[in-house]
Protein chains: 2
Amino acid sequence: MYEEKEGLPAVTRKFYEQGEKMLVATDCIIFGFDAGSLKLLLFKRRVSPLEGQWSLIGSFVKLDEDVSAAAERVLEEITGLKDVYMEELKVYGAVDRDPGFRCISVGQYALIRLNEYDKKLVEQHGAVWHDVKDLPALVLDHEQMVNDALEKLKFKARYQPLGIELLPEKFTIPQLQSVYEAIFQRELDTRNFRKKVFSHNVLVKLDEKDKSSSKRGAFLYKFDHKRYSDLLKGGSDFGVL
Amino acid sequence: MYEEKEGLPAVTRKFYEQGEKMLVATDCIIFGFDAGSLKLLLFKRRVSPLEGQWSLIGSFVKLDEDVSAAAERVLEEITGLKDVYMEELKVYGAVDRDPGFRCISVGQYALIRLNEYDKKLVEQHGAVWHDVKDLPALVLDHEQMVNDALEKLKFKARYQPLGIELLPEKFTIPQLQSVYEAIFQRELDTRNFRKKVFSHNVLVKLDEKDKSSSKRGAFLYKFDHKRYSDLLKGGSDFGVL
DNA sequence: GCAAAAGTGTTGGGCGTACACCCATGC
DNA sequence: GCATGGGTGTACGCCCAACACTTTTGC
């Protein structure tokens, strides 16, 4: 627990006492990818307030916890995952956004691999994956958060290889294309897509094929993280279209 | 003043009481443009804590105030300006960022016209314009905020006509080019710049010249806000390079 | 042998970039 | 008449978008 600091001059203490304190929450927009479509992890609230309604997964930020750490804690509590791609979306700071008490929320979105998370943990929390094309109504301003996150994801995916965050370590090019088609909500041209992703030289072809989705089978690739970070320093971008 | 809500079920009250409350501040990164360079409005603190040191202009967010409204209030208190281009930068939420009490800050950056602000008000607050290429040390994590804001400004200026937010209503093309050169910190080619800005068809040529910086004089233009918002709906972008 | 997905090249147009000279005017 | 900044056009290369057929293999 974090205490008011001792030993500050009176005038300084007064300065901080003037400030009105409020709740700070973080809500996580957790994306996954499966069966050709983008999924969102939602949570049916089992406790008051707003019991029984769908919401994002969130928590209050503790006094002794960084805001980003709070989001990481929430994500780990519900999926068992650490070290996940996660980024701040924006602040939701309207006075009346939470009917209980003044509370601002920092939206943060995460991309996770559906083959890695802890299914039991998710179930225990009453969380369910929903297709982003078919979402239920959500509490408070959570629908706005989801829409903002989808927009930002579309935008960022044009310049950063976010697609690989949603796939297993080994993946095929058709799978990768399918991820981007789900993000952009439109079909991409196979030849142009391959040309583009290979042009960055960050994919390593393996000697294995995945035959789960075709008779011929597609070669598996993995992402070369080291080469990627080297190229980033050179200021490259990693668009797929 | 904002009170704890009455009439909530006990379990709901408990839920909100569990949350640890903290200070929420907003800090404004206020950019202006003058004499060919980008300026930042900084503030020499006259009160404890951190008296005498340079800092951004900020304030605690009040319980009955939206986060964005707090930034607008701060900006108006110090410059007299309303309805200014302002946008959220990001949240600064590290536990130890403020030595006084746990306080997260929402950085917000603003672009203002140096011919419009209230000079007396700025003076009264001990605020001074500094060239961004020559900034003093700043308190807390404010230097990080400034760097982040400069990065974001560079990035966004490629796709949105932010330059005009820093110029008077009537401006010349060389002035506009000079704004972008200050933002990107490099020289731009005059012919390509003109080609690009005119290609968007959002500048209206006036029948006046500005002779303040050359004998020949440069034609003044104004920005066609209506045409711009119409084009935006069509999904255009407004790059200058 | 056929269905179903994997994989492969070429072309045209638009956009960004590089580059050099004449114009108008005040002094 | 000259110094100073304002204003203009072209040519090249690159990247994006459009487009159709062959390959592999399980059934």
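The sequence lines fix the lettering, A, B, ..., with proteins before strands; numbering per chain opens at 1. Hydrogens, waters and symmetry mates are skipped; everything else that's a heavy atom, side chains included, is used. Being a predicted model, the structure only gives us computed values, none of them experimental.
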Restricting to side chain to side chain contact (heavy atoms under 4.5 Å, CB included), what partner residues turn up for B:Gln53, sequence neighbours left out? B:Leu50, B:Val139
Determine which pairs satisfy salt bridge (Lys or Arg N to Asp or Glu O under 4.0 Å) with at least one residue from residues 156-171 of chain A, sequence neighbours left out, and list them in order. A:Glu87-A:Lys156, A:Arg113-A:Glu165, A:Lys170-A:Glu208
Sequence neighbours left out, what pairs pass salt bridge (Lys or Arg N to Asp or Glu O under 4.0 Å) with at least one residue falling in residues 180-200 of chain A? none
State which residues pass salt bridge (Lys or Arg N to Asp or Glu O under 4.0 Å) with A:Glu88; sequence neighbours excluded, sorted by chain then number. none
Are the aromatic ring centres of A:Tyr228 and A:Phe238 under 6.0 angstrom apart? yes
Which two nucleotides bound the region of DNA chain D that has atoms under 4.0 Å from heavy atoms of chain A, read 5' to 3'? D:dC16 to D:dG26
May I ask you to decide if B:Gly163's main-chain N or O and B:Tyr180's side chain share a donor-acceptor pair within less than 3.5 Å? yes
Name all residues meeting the side chain to side chain contact (heavy atoms under 4.5 Å, CB included) criterion together with B:Lys205; count only those two or more places apart in sequence or in a different chain, and write none if there are none. B:Phe219, B:Tyr221
Per the under-4.0 Å heavy-atom filter, residues of residues 208-222 of chain B near DNA chain D come out as B:Ser213, B:Ser214, B:Lys215, B:Arg216, B:Gly217, B:Ala218, B:Phe219
For A:Ala218, enumerate each residue passing the side chain to side chain contact (heavy atoms under 4.5 Å, CB included) test, keeping only those at least two apart in sequence or located in another chain. A:Thr172, A:Pro174
Parallel, tilted or perpendicular: ring planes of A:Tyr159 versus B:Tyr159, cut at 30 and 60 degrees: tilted
Not counting sequence neighbours, list each pair that qualifies as a salt bridge (Lys or Arg N to Asp or Glu O under 4.0 Å) and has a residue in residues 123-144 of chain A. A:Lys39-A:Asp131, A:Arg97-A:Asp141
Scan A:Lys195 against the nucleic acid and name what it touches under 4.0 Å (heavy atoms): base, sugar-phosphate only, or nothing. base
Mind running a 4.0 Å heavy-atom check of residues 162-194 of chain A against DNA chain D and sending the residues that fall below it, in number order? A:Asp189, A:Arg191, A:Asn192
Applied to residues 230-239 of chain A, the side chain to side chain donor-acceptor pair (under 3.5 Å) test, sequence neighbours excluded, yields A:Lys226-A:Asp230
Within the 6.0 Å centroid threshold, strictly below: B:His225 and B:Phe223: yes
Please list, in 5' to 3' order, the outermost nucleotides of DNA chain C lying under 4.0 Å from any heavy atom of chain B. C:dG16 to C:dG26
